[in-house]
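Since the structure comes first, as structure tokens, the remarks are kept for the end.
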Amino acid sequence: MRSKDPVLMEEIKLFAEQYMIANGKSPSTSKIGEEFGIAKGTAYKYLVEMRKLNMIRYENGVISTPITEKCNTKHSTAALVGEILCGTPQEETEEVEEFINLPNSLFGEGPFYLLRAKGDSMIEVGINSGDLLVIKQQNFAKDGDIVVALTPENENTLKRFYQDKKNHKIILHPENSFLDDMTFDSVKIQGVLKNVIKFY
């Protein structure tokens, strides 16, 4: 085997690390070939040589380095489905704007979806218009949870959830002292707030 260019080997290693960070997986030999203008077979031979020199670990098509081993590739994919009113309820809409990867190390495991907050009814817990709300999709909640609730009028809202067991009512409580509680015989829970992503 011809000797390999040591500069190119370092560049391939760096590319593999950056690719893993950006994409959560190793680049294929085709990707490496495309990046450096070399044949797929040549890229493979470089990886084999780099493994022999202990520059990388390379098994079953996966390139590992001390950098890539620190990458947490586990994530949940969440759909951004528009706005939810933090005020009076609004009609339910679910048009997916985009899909966003949420790392499990920060957000836990899904299933999640994302909503954009609008209004001021939850400002006393730090939820402002424009914040992205990470909602865990589930159809139940416990007292004190902040929930996405669908009202009997088929409108949705973000409020703190309480059960008035004595009167058999559901209370949706705004976190704004200028606003009143909303009371219903029943609501449909569409998810529970888990995180707020803020923009400054």
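No experiment lies behind these values; they were computed from the predicted model shown. In this chain, numbering begins with 1 at the start of the sequence shown.
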Can you tell me how far the CG atom of Asn195 sits from the CG atom of Asp131, to the nearest 0.5 Å? 12.0 Å

Asn156: which of Leu115, Leu150, Val147 passes side-chain contact (heavy atoms from CB on, under 4.5 Å): Leu150

Might you point out which heavy atoms bring Leu158 and Ile127 nearest each other, and give the distance in Å? CD2-CD1, 4.0 Å

Does the side-chain contact (heavy atoms from CB on, under 4.5 Å) test come out yes or no for Leu172 and Val187, once each step is laid out? CA-CA 9 Å; Leu172 297 180; Val187 297; 4.2 Å; yes

Give a yes or no on whether Lys40 atom NZ has more than 12 heavy-atom contacts from other residues, nucleotides or ligands under 6.0 Å away. no

Taking distance alone, no hydrogens or angles, what donor-acceptor pairs closer than 3.5 Å link side-chain atoms of residues 53-66 to residues at least two apart or in another chain?
from, atom 1, to, atom 2, distance (Å)
Arg57, NE, Glu69, OE2, 3.0
Arg57, NH2, Glu69, OE1, 3.3
Arg57, NH2, Glu69, OE2, 2.6
Thr65, OG1, Glu17, OE2, 2.9
Thr65, OG1, Ile67, N, 3.2
Thr65, OG1, Thr68, N, 3.2

Between atom OG1 of Thr151 and atom NZ of Lys159, what is the distance when rounded to the nearest 0.5 Å? 10.5 Å

Is the backbone N or O of Leu80 less than 3.5 Å from a side-chain atom of Glu98, with the two atoms forming a donor-acceptor pair by type? no

Any donor-acceptor pair under 3.5 Å from Arg160 side chain to Gly144 backbone: yes

Are the side chain of Lys4 and the backbone of Lys45 linked by a donor-acceptor contact shorter than 3.5 Å? no

Taking all atoms of both residues into account, what is the closest heavy-atom pair of Gly119 and Ser129, and its distance? N-OG, 2.7 Å

Which other residues end up in the same hydrophobic cluster as Ile171, if Ile, Leu, Val, Met, Phe, Trp and Tyr are linked when side-chain heavy atoms come under 4.5 Å apart? Tyr162

Transitively linked via ILVMFWY side-chain contacts under 4.5 Å: Met50 with Leu14? no

Out of curiosity, Ile189 CD1 to Asp145 CG, how far, rounded to the nearest 0.5 Å? 8.5 Å

Contact check, side chains of Phe107 and Ile197, non-hydrogen atoms, under 4.5 Å: yes

Can you establish whether the number of heavy atoms outside Glu109 located under 6.0 Å from its atom CD is more than 12? no

Nearest heavy-atom contact between Ala43 and Gly33 is CB-N, 4.1 Å

Going from CG on Asn154 to NZ on Lys188, what distance comes out if it is rounded to the nearest 0.5 angstrom? 8.5 Å

Before giving the answer on side-chain contact (heavy atoms from CB on, under 4.5 Å), spell out for Gln163 and Phe161 the whole-Å C-alpha distance, their side-chain angles and the decisive distance to 0.1 Å. CA-CA 7 Å; Gln163 299 176 79; Phe161 171 87; 3.5 Å; yes

Under the criterion side-chain hydrogen bond (donor to acceptor under 3.5 Å, both in side chains), which of Thr183, Asp164, Asp185 is the partner of Lys169? Asp185

Closest heavy-atom pair, Leu102 versus Leu114, reported as atoms and distance to 0.1 Å, is CD1-CD2, 4.4 Å

Do Met20 and Ser26 have side-chain heavy atoms sitting under 4.5 Å apart? yes

Is the shortest heavy-atom distance from the side chain of Ile84 to the side chain of Val148 under 4.5 Å? yes

One should read off an interatomic distance between Leu133 CG and Met122 CE, to the nearest 0.5 angstrom, of 9.0 Å

Any ring pair (Phe, Tyr, Trp, His ring centres under 6.0 Å) involving residues 13-54? Give me the pairs, sequence neighbours left out, ordered by first then second residue. Phe15-Tyr19, Phe15-Phe36

Please name all residues satisfying side-chain contact (heavy atoms from CB on, under 4.5 Å) with Ile123, sequence neighbours left out, ordered by chain then number. Asp120, Asn128, Asn176

With sequence neighbours left out, the residues meeting salt bridge (Lys or Arg N to Asp or Glu O under 4.0 Å) with Lys165 are none

Is the closest side-chain donor-acceptor distance between Ser121 and Glu175 under 3.5 Å? no

Of all heavy-atom pairs between Ile170 and Ser186, which one has the smallest distance, and what is that distance? CG1-CA, 4.1 Å

Provide the closest heavy-atom pair for Lys118 versus Glu83 in the form atom of the first, atom of the second, distance. CD-OE1, 3.2 Å

Taking the side chain as every heavy atom from C-beta outward, state whether Ile32 and Leu47 have any pair of such atoms under 4.5 Å apart. yes

Side-chain donor-acceptor pairs under 3.5 Å in residues 134-141, sequence neighbours left out?
from, atom 1, to, atom 2, distance (Å)
Gln138, NE2, Phe140, O, 2.9

Would you check, one step at a time, whether the test side-chain contact (heavy atoms from CB on, under 4.5 Å) holds for His173 with Met182? CA-CA 6 Å; His173 174 70; Met182 296 185 293; over 6 Å; no

Residue of the set Val125, Val196, Val192 for which side-chain contact (heavy atoms from CB on, under 4.5 Å) holds with Ile146: Val125

